[in-house]
Engineer: 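The structure's right below; bear with me while I get my questions together.
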Amino acid sequence: MSDLPKSYEPADIEPRWYAEWMARGYFHADAAAPKAPFAMVIPPPNVTGSLHMGHALGDTIEDLFTRWRRMAAYNAMWLPGSDHAGIATQMVVERELRAKEKKSRHDIGREAFVERVWQWRRETGDRIFAQLKKLGCSLDWDRATFTMDPPYSAAVVEAFVRLYEEGLIYRARRLINWCPNDRTALSDLEVDYDEGTQGELYEFAYPLADGSGEVVVATTRPETMLGDTAVAVHPDDPRHREKIGKLVRHPIVNRQFPVIADAILVDPKFGTGAVKVTPAHDPNDFEVGLRHNLPMISIFDEKGVVNAEGGPFAFMDRFAARKAVKARLKELGLERGSKPHVHAVGHCQRCETVVEPMLSTQWFVKMEPLAKPAIEAVEQGKTKFVPESWSKTFFHWMHNIRDWCISRQLWWGHRIPAWYCKCGETTVARTAPGACGKCGATELKQDDDVLDTWFSSWLWPFATLGWPNETRELKTFYPTTMLDTGYDILFFWVARMLMAGLHFMKKVPFRTVYLHTMVTDEKGEKMSKVKGNTIDPVEVIDKHGADALRFALAWLTTHAAQGKNIKFSMSNVEDARRFANKIWNAARFALMNLPGYDADRFADRIADGPDRAELDLPERWILSRVQRVSEEVDGALEEYRIADAAQAAYHFIWNELCDWYIELAKAGLAKASGDSEADLIARSKIQGTLVTALETAMRLLHPFMPFITEEIWQKLPKPSGAPQSIMITLYPVRDVRFHDDASEASMALVQKIIVAIRNIRQERNIPTSTRLRLVLAVGDDYKKTILEGYQSIIAEHARCSEVRVRRSGGSGEYNVGQTAMAMAGDVEVIVPLEGLVDTAGEKAKLEKQIEKAVRDRDHLRKKLNDPNFTGRAPAEVLEKDRARLAEAEAAIARLELALQRLVGGAS
RNA sequence: AGGCACGUAGCUCAGUGGAAGAGCACUACCUUGACACGGUAGGGGUCGGCGGUUCAAUCCCGCCCGUGCCUACCA
């Protein structure tokens, strides 16, 4: 007897099973196991991070695939870890230091600060791991890796040194993106452009040095004029042609510089046709500076404050200087105008400070040689994107790739393995060199900078498996099978991993890249703490359970078209929770109805399929259906159609197993409630089928909802020798013995008939307590025989006292004018309604049905009379349409007959 | 500026060259011994607009309108 509570309470069940699975070591994959590998690495969350909805989505998808493959007998390995997240982590610890001790990192020094970060990590880092466990993630925790672990750090150094030795890493003075707030260089990808910033196009005049006039320039950043070293015009612009080669006089700092001609920089149609050139603070101007060999004058320090080059404006902040410079120009009578101007302004991805282009010496990775093999690998299908359309975006970026600035002026991260000698020699080495290789000096100074966090992340799929050592792990699990991640880090991470994997391992790092969408709030707005529209997955789990959250996300995970996202709301979770409750109650029903059931005996009975087991229609039908749905779910997962898989499982469980089979089983069990041997056998067939269908459904659903399926699975009776956990069972596989087209067709007809009767009842307001007498009229004896076999099922479910089946066309079987009639496929469903009939109403209903059938018939006739159609359409389409036409014609005939009788009877 | 997508039921979204689908919402009825976190039945869409290809178009092609996203140095 079941003592299950009436509704499902996940909080009691989930933590218990996760602990049990851990204890039994189910998450661990042995690299030496003689099984086909399925390997995946987690996109490592920041150590500072806590689980947000984006993680919840990705990790649900990843766990879903890991569990699914594990149940298909793969050696499934999902590798966990976390990322040291340079800037983010440094900022967190700095903030804490300031709050607790009112000190800056500079106050305590680099060594002490880095120790502080380690201490912070020991105390509060990897909080997210506990949250991943709550979500049910079956990660191989023994392999958890942190990007600052000593072996991983060694791999980072190894990668740097190799690339340096190969000439793919170089140090150069370039114009880079600088964040004056974080005081570090950024890569191009770390700059977000704020499209549509309302700015000003300000015009002012540079006087020509010879006094022959002036040249008016237009700029959005007047303050950078302090660093101007040229004015550029288009060589063919008649307005400016005679000024080319002349000098202008800088009105504020004591300097003269030329008017130059540059057809690349200058668009004569824009602004005044003359451009001020600031090579040290603008990427385009930098290029001009190189082309024309102009001086490059940096006018800001690392905080974005004007330096000594700014003359009277020194020590002013960038934005204060802008105002001051404008005011001064006005005083000097050089202001020439201003108009509003919308343009894109770059912001630091991390702190949103306006990025300053600065001239600076940094380390770079030469990307083109790395990009080429990655492009080819994707072209050749060695790595596939899902959805496929992302490969276009990938190619576009890869073909236009630029060198990657990898040095960061931070303290937290992998320190650049380069040492400088007073003699000017640079030594790049795996360990600190004892002396300069050139001059022998022993006082070498290591580069102060650390590497971009992504420089360690791009090694993730192989550095986590022991690279550069040749490990068993690498041999077994590299290349990994799939990678799942959000499309927002396609360039940051996926593309770079492809490049690093091909370069260092000579093989792609993953066969398939599944890119999932972004999760937003229900209005489609990005979730953010500032906006206050975040949904905390941990709170959701506490309230509704991890299974509900996971299923809600899976249900919504359709292929990620660009610019689309998952609009997530709590109602999605509530729906999923209702589903969990439904499953729970289906299991309760089963468990309440199993007294006397012997799982071993049923297993014997069913061992050779449903024929030998002598099952009845409902049993044959549901076993065929669970089989078909299993294949559907499995097939959908093969194609990464996650929502389709979730929805197929959902509809099977709710609309077939619960709505129909359990109802059919109730009647069957009631009928066979006695103690006779016959009853016992009849009962056991139903019990066995119910348990089998439910057990299969639980396995099917386990990757989506691991906890509830385990809980129920454990409670179901199983034949002796069954596995200890649903986690280590086999995923439902194709078994053609249970395919039963005939039973599915018969059941579909029975269902149609029952629905037609319920419809009649509903429309006429006939209460369920009124037992109906039913007549089914069919066109041939074959169908008559079949339906006669299902009379009792129909009677039970449509609440009829009597069901008669006869050939159609006869008369006198029911009282004229006293019946309701409807078509269920080609079966006439006739319900005598003595004394209950509203003749006018019946007439209207019949007419409506006729009208629809006539519409169908006319449409089909027209089609089938068109030789163009019959001549060109494929045979099966013609056949189908002819059958439909025949059905429509028969329906019209029978409905019209019924109408005539009705009218005749009433008159 | 270039590129990639999208426009299907009130809402959120699937879908396919051969009779329009789901979840939620809505309407009516039902406290039936698995479940009211439930059941039964139902209403609701010229599949953004206009052309074209085809025997057949929501699906393929072109144009237009609208929306979103990505990349890019427009002073």
Side-chain angles (χ1 to χ4, degrees), chain A residues 2 4 6-8 175 188-189 193 201-202 217-221 224 232 264-267 269-278 282-287 341 343-344 346 357 387 389-390 392-393 395-397 400 487-488 490-491 518 522 524 544 548 555-556 558-569 571-572 574-593 641 643-644 647 650-651 658-659 662-663 666 754-755 758-763 765 767-769 799 856 859-860 863 866-874 876-878 880-881 884:
Chain A
S2 166
L4 295 184
K6 234 174 135 170
S7 41
Y8 176 58
L175 200 69
D188 296 332
L189 283 176
Y193 285 89
L201 194 63
Y202 180 82
V217 295
T219 178
T220 53
R221 300 194 56 195
T224 61
I264 299 171
L265 178 73
V266 183
D267 170 8
K269 290 189 286 294
F270 188 89
T272 61
V275 186
K276 57 187 276 310
V277 180
T278 323
D282 181 277
N284 289 316
D285 294 3
F286 177 73
E287 295 298 324
H341 180 61
H343 60 137
S389 60
W390 286 104
K392 282 187 193 163
T393 311
F395 287 134
H396 184 255
W397 189 72
N400 295 290
Y487 64 73
D488 55 334
L490 176 60
F491 306 138
M518 302 296 108
E522 59 205 302
H544 297 291
W555 178 279
L556 295 168
T558 52
H559 277 183
Q562 251 194 24
K564 285 227 137 189
N565 40 40
I566 292 178
K567 293 186 181 75
F568 189 84
S569 85
S571 72
N572 298 125
E574 286 154 16
D575 296 344
R577 184 180 182 149
R578 273 197 288 279
F579 178 45
N581 195 57
K582 188 75 180 175
I583 298 168
W584 185 251
N585 278 289
R588 280 183 73 220
F589 172 80
L591 294 168
M592 281 174 187
N593 286 284
R641 289 181 289 113
D644 286 350
Q647 293 180 21
Y650 173 96
H651 283 119
C658 292
D659 288 352
I662 286 183
E663 295 307 318
K666 279 179 191 170
I754 292 169
V755 168
R758 285 174 180 163
N759 184 1
I760 286 171
R761 207 186 264 283
Q762 198 92 22
E763 282 186 342
N765 265 320
T768 23
S769 53
R799 303 199 172 255
D856 280 1
H859 172 71
L860 288 161
K863 244 173 112 176
D866 181 353
N868 273 329
F869 174 64
T870 50
R872 299 185 198 228
E876 67 261 31
V877 172
L878 285 174
K880 225 169 154 184
D881 277 355
R884 283 171 53 205

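Letters A, B, ... mirror the listed sequences (proteins, then strands); counts begin at 1.
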Engineer: How far, in whole Å, is B/U53 from B/G15 if one measures between their C1' atoms?
Structural biologist: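 Straight-line distance between the two C1' atoms is 23 Å.
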
Engineer: Just checking A/Ala643: base, sugar-phosphate only, or nothing, at a heavy-atom cut-off of under 4.0 Å?
Structural biologist: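 If one applies the 4.0 Å heavy-atom cut-off, A/Ala643 turns out to touch nothing in the nucleic acid.
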
Engineer: When rounded to the nearest 0.5 angstrom, what distance separates CH2 in A/Trp555 from CG in A/Asp644?
Structural biologist: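 If I round to the nearest 0.5 Å, the distance is 10.5 Å.
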
Engineer: Which heavy-atom pair separates A/Tyr8 from A/Ala580 by the least distance, and what is that distance?
Structural biologist: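 Smallest interatomic distance, heavy atoms only, reads CD2-CB, 3.9 Å.
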
Engineer: Please give the stem ranges for RNA chain B, sorted by first residue number, where a stem is three or more consecutive Watson-Crick or G-U pairs and both donor-acceptor distances are under 3.5 Å.
Structural biologist: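 If one scans RNA chain B for consecutive Watson-Crick or G-U pairs, the stems found are B:1-7 with B:65-71, B:10-13 with B:21-24, B:26-30 with B:38-42, B:48-52 with B:60-64.
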
Engineer: Output the rounded distance in Å from CG (A/Asp267) to P (B/C74).
Structural biologist: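 Value for this atom pair: 13 Å.
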
Engineer: At 4.0 Å (heavy atoms only), tell me whether A/Asp285 reaches a base, stays on the sugar-phosphate, or touches nothing.
Structural biologist: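 The answer is nothing, as A/Asp285 stays clear of every strand by at least 4.0 Å.
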
Engineer: Just call it for A/Lys276: base, sugar-phosphate, or nothing, with non-hydrogen atoms closer than 4.0 Å on any strand.
Structural biologist: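 The answer is nothing, as A/Lys276 stays clear of every strand by at least 4.0 Å.
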
Engineer: Within this structure, what is the CG-CD distance for the pair A/Asp282 and A/Glu287, rounded to the nearest 0.5 Å?
Structural biologist: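 The CD atom of A/Glu287 is 10.0 Å from CG of A/Asp282, to the nearest 0.5 Å.
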
Engineer: Between A/Arg588 and A/Asn585, do the side chains contain an N or O donor and an N or O acceptor separated by less than 3.5 Å?
Structural biologist: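 A/Arg588 vs A/Asn585: donor-acceptor pair found between side chains.
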
Engineer: Classify A/Tyr8 by what it touches in the nucleic acid, base, sugar-phosphate, or nothing, heavy-atom distance under 4.0 Å.
Structural biologist: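 Since no nucleic acid heavy atom lies under 4.0 Å of A/Tyr8, the category is nothing.
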
Engineer: Picking from B/C69, B/U40, B/U12, which would you name as closest to the side chain of A/Lys567?
Structural biologist: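 Nearest to the side chain of A/Lys567 among the choices is B/U12.
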
Engineer: Can you measure A/Met518 atom CE to B/C13 atom P for me and round it to whole angstrom units?
Structural biologist: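 These atoms are roughly 15 Å apart.
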
Engineer: Does a side-chain N or O of A/Ser7 approach OP1 or OP2 of B/C37 to a distance below 4.0 Å, or not?
Structural biologist: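 No, outside the criterion.
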
Engineer: Checking contacts here: which listed nucleotide (B/A41, B/A5, B/A36) is nearest the side-chain heavy atoms of A/Arg758?
Structural biologist: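 The answer is B/A41, which lies nearest to the side chain.
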
Engineer: From CD of A/Gln562 over to P of B/G7, roughly how many Å is that when rounded to an integer?
Structural biologist: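 To the nearest whole Å, that distance equals 15 Å.
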
Engineer: Using a cut-off of strictly less than 4.0 Å, decide whether A/Lys582 has a side-chain nitrogen or oxygen near OP1 or OP2 of B/G38.
Structural biologist: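 For B/G38, OP1/OP2 do not have a side-chain N/O of A/Lys582 under 4.0 Å.
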
Engineer: Side-chain contact, heavy-atom cut-off 4.5 Å: A/Asp488 with A/Met518?
Structural biologist: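 A side-chain contact exists here, since the closest heavy-atom pair is under 4.5 Å.
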
Engineer: Taking only Lys NZ, Arg NE, NH1 and NH2, and the carboxylate oxygens of Asp or Glu, determine whether A/Glu574 and A/Arg577 approach each other closer than 4.0 Å.
Structural biologist: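 No, A/Glu574 and A/Arg577 are not salt-bridged.
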
Engineer: Can you find an N or O donor on one side and an acceptor on the other, under 3.5 Å apart, linking the side chain of A/Asn868 with the base of B/C55?
Structural biologist: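 Counting by modelled atom types and ignoring angles, no donor-acceptor contact under 3.5 Å is found here.
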
Engineer: For the C1' atoms, the ones on B/C59 and on B/G7, what distance do you get once it is rounded to whole angstrom?
Structural biologist: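 Straight-line distance between the two C1' atoms is 14 Å.
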
Engineer: Determine the interatomic distance between P on B/C64 and the same-named atom on B/C4; round to the nearest Å.
Structural biologist: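 The answer is 15 Å between these two P atoms.
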
Engineer: Want to settle it: does A/Glu574 or A/Tyr193 sit nearer the 5' end of RNA chain B, counting the closest nucleotide to each?
Structural biologist: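 Closer to the 5' end of RNA chain B: A/Glu574.
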
Engineer: To the nearest angstrom, how far is A/Tyr487 atom OH from B/A5 atom P?
Structural biologist: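 Nearest whole value for this atom pair: 14 Å.
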
Engineer: Have a look at A/Leu265 and say if it touches a base, only the backbone sugar-phosphate, or nothing, with a 4.0 Å heavy-atom cut-off.
Structural biologist: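 Answer is base: heavy atoms of A/Leu265 come under 4.0 Å of a base.
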
Engineer: Answer with base, sugar-phosphate or nothing: what part of the nucleic acid does A/Pro874 contact at a heavy-atom distance below 4.0 Å?
Structural biologist: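 Contact class for A/Pro874: base.
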
Engineer: So if I define the base as every atom that isn't primed, P, OP1 or OP2, how would nucleotides 19-31 of chain B read as a B/S/- string at a heavy-atom cutoff under 4.0 Å?
Structural biologist: B--SSS---BB--

Engineer: Given atom CZ of A/Arg641 and atom C1' of B/U16, what is their separation to the nearest angstrom?
Structural biologist: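 Distance check: A/Arg641 CZ to B/U16 C1' gives 12 Å.
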
Engineer: What's the closest nucleotide to the side chain of A/His343 if the choices are B/A41, B/A75, B/A14?
Structural biologist: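 Output: B/A75.
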
Engineer: Between B/C35 atom P and A/Glu663 atom CD, what is the distance in whole Å?
Structural biologist: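 Result: 11 Å.
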
Engineer: Expressed in angstrom and rounded to an integer, what is the separation of A/Glu522 atom CD from B/C11 atom C1'?
Structural biologist: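 Answer to the nearest Å: 11 Å.
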
Engineer: From CD1 of A/Ile566 over to P of B/C11, roughly how many Å is that when rounded to an integer?
Structural biologist: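 Taking atom P of B/C11 as the reference, CD1 of A/Ile566 is at 20 Å.
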
Engineer: Decide yes or no, distance alone: a donor-acceptor N/O pair under 3.5 angstrom between the base of B/C6 and the side-chain of A/Lys564.
Structural biologist: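 For A/Lys564, whose side chain was compared with the base of B/C6, there is no donor-acceptor pair (under 3.5 Å).
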
Engineer: How do A/Asn400 and A/His341 order along RNA chain B: which one's closest nucleotide is nearer the 5' end?
Structural biologist: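 Looking at RNA chain B, the more 5' nearest nucleotide goes with A/Asn400.
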
Engineer: With a 4.5 Å heavy-atom cut-off, do A/Phe579 and A/Asp575 have their side chains touching?
Structural biologist: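 They are not in contact (no side-chain heavy atoms under 4.5 Å apart), so the answer is no.
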
Engineer: Say you draw a straight line from CZ of A/Phe589 to CG of A/Leu4; how long is it, rounded to the nearest 0.5 Å?
Structural biologist: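 Those atoms lie 13.5 Å apart.
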
Engineer: Counting side-chain heavy atoms from C-beta on, which of B/C74, B/A75, B/C35 comes nearest to A/Ala344?
Structural biologist: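 Of the options given, the side chain of A/Ala344 lies nearest B/C74.
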
Engineer: On a heavy-atom basis, which atom in A/Ala586 and which in A/Cys658 lie closest, and how many Å separate them?
Structural biologist: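 Scanning both residues completely, I find the closest heavy atoms to be CB-SG, 3.8 Å.
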
Engineer: Let's see if you can work this out: which of B/C70, B/A34, B/A75 has an atom nearest to the side-chain heavy atoms of A/Ala586?
Structural biologist: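 From the listed options, B/A34 comes nearest.
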
Engineer: Contact class for A/Val277 vs. all strands (heavy atom < 4.0 Å): base, sugar-phosphate, or nothing?
Structural biologist: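 Contact class for A/Val277: none.
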
Engineer: Considering only side-chain heavy atoms of A/Asn759, which listed nucleotide, B/A75, B/G42, B/C55, is closest?
Structural biologist: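 The closest nucleotide is B/G42.
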
Engineer: For B/G38, does either OP1 or OP2 sit under 4.0 Å from a side-chain N or O belonging to A/Asn585?
Structural biologist: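 So the side chain of A/Asn585 is outside the cut-off, no N or O lying under 4.0 Å from OP1 or OP2 of B/G38.
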
Engineer: Which nucleotide, B/C37, B/C55, B/U71, lies nearest any side-chain atom of A/His396?
Structural biologist: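 Selected nucleotide: B/U71.
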
Engineer: Measuring only the P atom in each nucleotide, how far is B/A22 from B/A41? A whole number of Å is fine.
Structural biologist: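 Between the two P atoms, the distance is 13 Å.
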
Engineer: Of the nucleotides B/A14, B/C55, B/C73, which has the atom closest to the A/Asp644 side chain?
Structural biologist: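 So the nucleotide nearest the side chain must be B/A14.
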
Engineer: What interatomic distance, in whole Å, is found between C1' of B/G49 and the corresponding atom of B/G23?
Structural biologist: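 Straight-line distance between the two C1' atoms is 29 Å.
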
Engineer: To the nearest 0.5 Å, what is the distance between CG on A/Asn572 and NE2 on A/His544?
Structural biologist: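 Between atom CG of A/Asn572 and atom NE2 of A/His544 there are 11.0 Å.
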
Engineer: When the C1' atoms of B/G68 and B/C73 are considered, how many whole Å apart are they?
Structural biologist: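 Going atom to atom, C1' in each nucleotide, I get 25 Å.
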
Engineer: If we take the C1' atom in both B/U8 and B/G66, what is their distance in whole Å?
Structural biologist: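 Between the two C1' atoms, the distance is 16 Å.
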
Engineer: Taking the side chain as everything from C-beta on, heavy atoms only, tell me whether A/Leu201 gets closer than 4.5 Å to A/Thr220.
Structural biologist: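 In short, these two side chains touch, coming nearer than 4.5 Å.
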
Engineer: Is any side-chain heavy atom of A/Asp881 closer than 4.5 Å to a side-chain heavy atom of A/Phe869?
Structural biologist: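 They are in side-chain contact.
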
Engineer: Drop me the distance from A/Ile264's CD1 to A/Asn284's CG, to the nearest 0.5 angstrom.
Structural biologist: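 One finds 10.0 Å between CD1 of A/Ile264 and CG of A/Asn284.
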
Engineer: Give me the distance, rounded to whole Å, that separates B/C13 from B/C47 when you measure between the C1' atoms they each carry.
Structural biologist: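 Here B/C13 and B/C47 have their C1' atoms 13 Å from each other.
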
